[in-house]
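Every chain is numbered from 1, with letters handed out A, B, ... down the list of sequences.
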Amino acid sequence: MTPKRILMQGNEACVEGAIAAGMRFFAGYPITPSTEIAERCAQRLPQVGGRFIQMEDELASMAAVLGASVTGVKAMTATSGPGFSLKQENIGYGCLAEIPCVIVDVQRSGPSTGLPTSPSQGDYMQARWGTHGDHPVIALSPSSVQETYRLVIRAFNLSEKYRTPVIFLMDEIVGHMREGVTLPDPRELIINKRHISYHDGANKQCYAVPEGEYVPAMKPFGQGERYNITGLAHDVSGFPTNNNQIAGALYTRLMEKIDRNLDDIVRVEEHMLDDADTAVVCFGGTARAAMSAVQQARAEGMKVGLFRPITVWPFPEAHLRARLPGLKRILMVEHNYGQMLLEVQRSAADRVPVSFLGRVDGTVIPPDDILRKLREMEGNAHAK
Amino acid sequence: MPSELVHKYLRIDHLPHIWCAGCGNGIIMRDVAVALQELIDDPEVPVSRDKTVVVSGIGCSSRAAGYLDFDSIHTTHGRAIAFATGIKFARPDLEVIVLTGDGDCSAIGGNHLIHAARRNIGLTVVTFNNDIYGMTGGQYSPTTPTGDKATTAPYGNLDRPFDIAQLAAGAGATFTARGSAYHARETTELIKQGILHKGFSLIDVYSVCPTYYGRKNGRGGPVEMLQWQKEHMVPAATYYAMSEEARRDKTLVGVLTHTENPEYTEQYAALVERVRAQSGK
Ligand SMILES: Cc1ncc(C[n+]2csc(CCOP(=O)(O)OP(=O)(O)O)c2C)c(N)n1
Ligand code: SF4
């Protein structure tokens with residue numbers, strides 16, 4: 001079978017990828033620039049036997065997605081900045097109660113209503129720290145329409161494998177871009193099914209994990225398992241506890257299930273870094289301009305490469321550290337005032353100086369600006 | 001000796017419960033358990049234990065979900081009905097029961113209440129309405145009567161209260177009823193009717209919180225508060241036989257509104273069928 005190539009918008013590719021991943025439930029509330037995701041779900045889900053519901057707000061959308069997921073259905077919601085803020089409490093609930101689902105945030109310029117139709121990457125830190133309390137987060141960020149299709153499938157796979165909400169951090173650039181997309185043969189896709197197991201009625205330790213493992217198998221509601229789910233700290237039976245040791249063990253397991261599996265979770269794209277003395281770090285839609293700036297810089301003889309986190313949380317610290325010995329300088333480019341910058345600085349830890357190019361006026365950063373900045377950085381180095 | 005009901009339908013290893021002595025919550029939880037037991041045991045009725053899910057929010061009353069031995073989910077404050085909507089919409093064959101407080105369902109969760117009622121999605125909502133925020137220590141709620149005292153209304157409450165059942169009916173709920181902690185048998189029957197009703201049903205059950213509401217407002221202890229319900233709340237048969245005059249200071253215990261309208265998940269199933277027929281699948 002020759003692969004199908006069709007013209008698609010990033011938001012549409014997100015829906016098609018999600019359906020290929022097995023998503024059959026969507027609850028959402030319209031907000032620019034994510035609305036096309038809800039609209040396409042409303043159209044497509046009934047066709048594939050799925051369900052779409054427009055809820056009264058984002059709090060309800062997030063709650064409905066979690067409710068659907070506990071019945072065993074793969075579920076998704078989509079929003080943008082203001083709505084992403086509203087979803088946070090229930091995202092935290094999903095992390096603690098370990099309910100898989102995917103939350104798409106098509107970032108727009110903010111804070112508040114901001115510039116609704118303009119690109120931004122201002123939710124990078126909110127994706128990690130938006131909820132209260134301590135827990136890890138998995139967030140993935142695509143930089144093209146094609147990648148959106150494949151990466152949203154990976155978002156579902158990670159969500160099922162690690163029993164956790166996964167943030168799919170898009171931006172207006174990718175969400176509204178139209179590109180030719182090659183749809184892979186569905187048989188060739190790897191789709192994680194939910195890890196389901198049942199316990200006998202007498203011993204309902206539904207949050208127990210075997211020694212050396214971190215993720216409990218999940219039991220869908222409505223199958224006679226009869227167990228409890230709560231957002232309170234709980235014991236292995238899912239019942240609330242005030243026991244500090246049990247609560248501590250739960251929180252630690254939640255951290256470790258991600259921290260101990262970074263090799264599986266973290267993905268980066270690295271371009272022309274092997275001989276580079278300068279790395280441009282960039283993610284999401286912004287990386288496209290960075291890529292073309294890197295190519296032009298190479299044509300001018302500069303030894304520049306691109307480091308693009310695809311898994312943006314956990315930040316690919318080990319991957320970046322591994323590159324530090326060859327580097328003289330790093331340039332972080334992002335559509336905000338310097339959010340991923342903090343992670344890059346932390347990883348570079350004074351061993352390599354980090355420069356920054358950001359923009360927050362809602363216009364895109366053109367490749368020329370990045371190139372100019374690269375020239376300037378190199379010029380400064382020679383002047384020294 | 002715990003009764004057979006307790007052994008069969010409560011999670012006995014998680015008892016005793018957290019509620020204060022004399023709290024109305026235990027009585028209402030029992031009404032819910034008896035209603036479910038009677039429906040499950042009735043061969044004529046399609047309610048099954050394994051296909052029943054109990055959903056609650058946050059508050060003293062919302063802890064009831066954890067004590068009931070069904071699939072149960074204790075969610076976030078105000079969001080029980082929204083979680084329940086997701087469960088019911090994803091699996092329309094499940095019986096979804098929401099246990100919620102007056103604050104949980106009509107303050108922070110008020111929006112979800114009215115929209116679920118408007119959709120007429122087949123949930124059964126039982127409110128444990130104690131006119132106060134119990135869990136956080138006695139602040140006024142949307143059902144606290146005007147003039148009453150609460151920790152955040154030390155000089156008397158200025159707000160006018162909601163009638164939760166009327167609110168739900170006005171928003172489109174197709175079955176609404178009022179019960180009370182005192183009228184256990186009648187309330188159990190109303191909960192059963194609510195569960196059997198196709199569409200959104202709400203049973204607003206007046207509870208008692210002697211610890212905060214009772215103490216703050218000089219209503220005496222649990223016995224006096226239940227006595228008040230006995231004297232001021234009247235089951236339907238008696239209520240409708242009374243003169244208008246006699247009813248004036250009385251509250252009906254019984255069905256308030258009951259209409260038939262298409263249920264949301266059934267409508268969606270029909271939509272899916274229509275779409276799939278059109279696309280030739
Ligand atoms: C988002 C959020 N806000 C506030 C609280 C604190 N809180 C917990 S329960 C509650 C009120 C409970 O009142 P009600 O729903 O009437 O239930 P009751 O305790 O009286 O049974 C509040 C305000 C919370 N848990 N979450
Ligand atoms: S505070 Fe009031 S509502 Fe809460 S358990 Fe005590 S009596 Fe019941």
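- For the atom pair B:T85 OG1 and A:E56 CD, the distance stands at 7.0 Å (nearest 0.5 Å).
- For the atom pair B:H74 NE2 and A:N228 CG, the distance stands at 8.0 Å (nearest 0.5 Å).
- For chain A, the option among B:T265, B:V54, B:D93, B:V53 with the highest count of heavy-atom pairs below 4.5 Å is B:V53.
- For the pair B:R63 and A:P240, the minimum side-chain heavy-atom distance is below 4.5 Å.
- Between A:D57 and B:H112 the shortest side-chain heavy-atom distance falls below 4.5 Å.
- Each of A:L45, A:N90, A:V73 has some count of heavy-atom pairs under 4.5 Å with chain B, and the biggest count is that of A:N90.
- Annotation: maximal heavy-atom pairing with chain B below 4.5 Å, among A:I53, A:L66, A:V70, occurs at A:I53.
- Both the backbone and the side chain of B:F89 come within contact range of chain A, each with at least one heavy atom under 4.5 Å from a heavy atom of that chain.
- Within a 6.0 Å sphere centred on CG of A:D134, heavy atoms belonging to other residues, nucleotides or ligands number 12 at most.
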(message) Between B:R119 and A:M55, does the side chain to side chain contact (heavy atoms under 4.5 Å, CB included) criterion hold? Intermediate values first, please.
(response) CA-CA 10 Å; B:R119 287 183 197 106; A:M55 296 297 286; 4.0 Å; yes
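- When each of B:E273, B:H115, B:H77 is scored by its heavy-atom pairs under 4.5 Å with chain A, the top score falls to B:H115.
- Counting non-hydrogen atoms of other residues, nucleotides and ligands closer than 6.0 Å to OH of A:Y29 gives a total of 12 or fewer.
- Between chain A and the residues B:I114, B:I87, B:T52, the most heavy-atom pairs under 4.5 angstrom are made by B:I87.
- A donor-acceptor pair under 3.5 Å is absent between the side-chain atoms of B:D50 and the main chain of A:Q223, judged by distance alone.
- For A:A60, the parts sitting under 4.5 Å from any heavy atom of chain B are the backbone and the side chain alike.
- Using a 30° and 60° split on the angle between ring planes, B:F83 and A:Y93 fall in the perpendicular class, above 60°.
- Not a single donor-acceptor pair under 3.5 Å links the side chain of A:R226 to the backbone N or O of B:D71.
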(request) Assess whether side chain to side chain contact (heavy atoms under 4.5 Å, CB included) is satisfied between A:S237 and B:R11, documenting all intermediate values. (result) CA-CA 11 Å; A:S237 76; B:R11 293 184 169 129; over 6 Å; no
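- In terms of heavy-atom pairs under 4.5 Å with chain A, the best-connected choice from B:N111, B:V275, B:I58, B:L94 is B:N111.
- Across every non-hydrogen atom of A:P46 and B:Y268, the tightest pair is CG-OH, 3.5 Å.
- Of the two parts of B:R274, neither the backbone nor the side chain holds a non-hydrogen atom closer than 4.5 Å to a non-hydrogen atom of chain A.
- B:I73 touches chain A through backbone and side chain together, each having a heavy atom under 4.5 Å away.
- Highest contact tally toward chain A, considering only B:A116, B:S56, B:A82, is held by B:A82 [criterion: heavy-atom pairs under 4.5 Å].
- Using a 4.5 Å cut-off between heavy atoms, B:R118 makes no contact with chain A at all.
- In this structure, the side chains of A:F221 and B:R91 stay at 4.5 Å or more apart for every pair of heavy atoms.
- No more than 12 heavy atoms of other residues, nucleotides or ligands sit less than 6.0 Å from atom CG of A:N242.
- Of all heavy-atom pairs between B:P92 and A:R51, the closest is CG-NH1, 3.9 Å.
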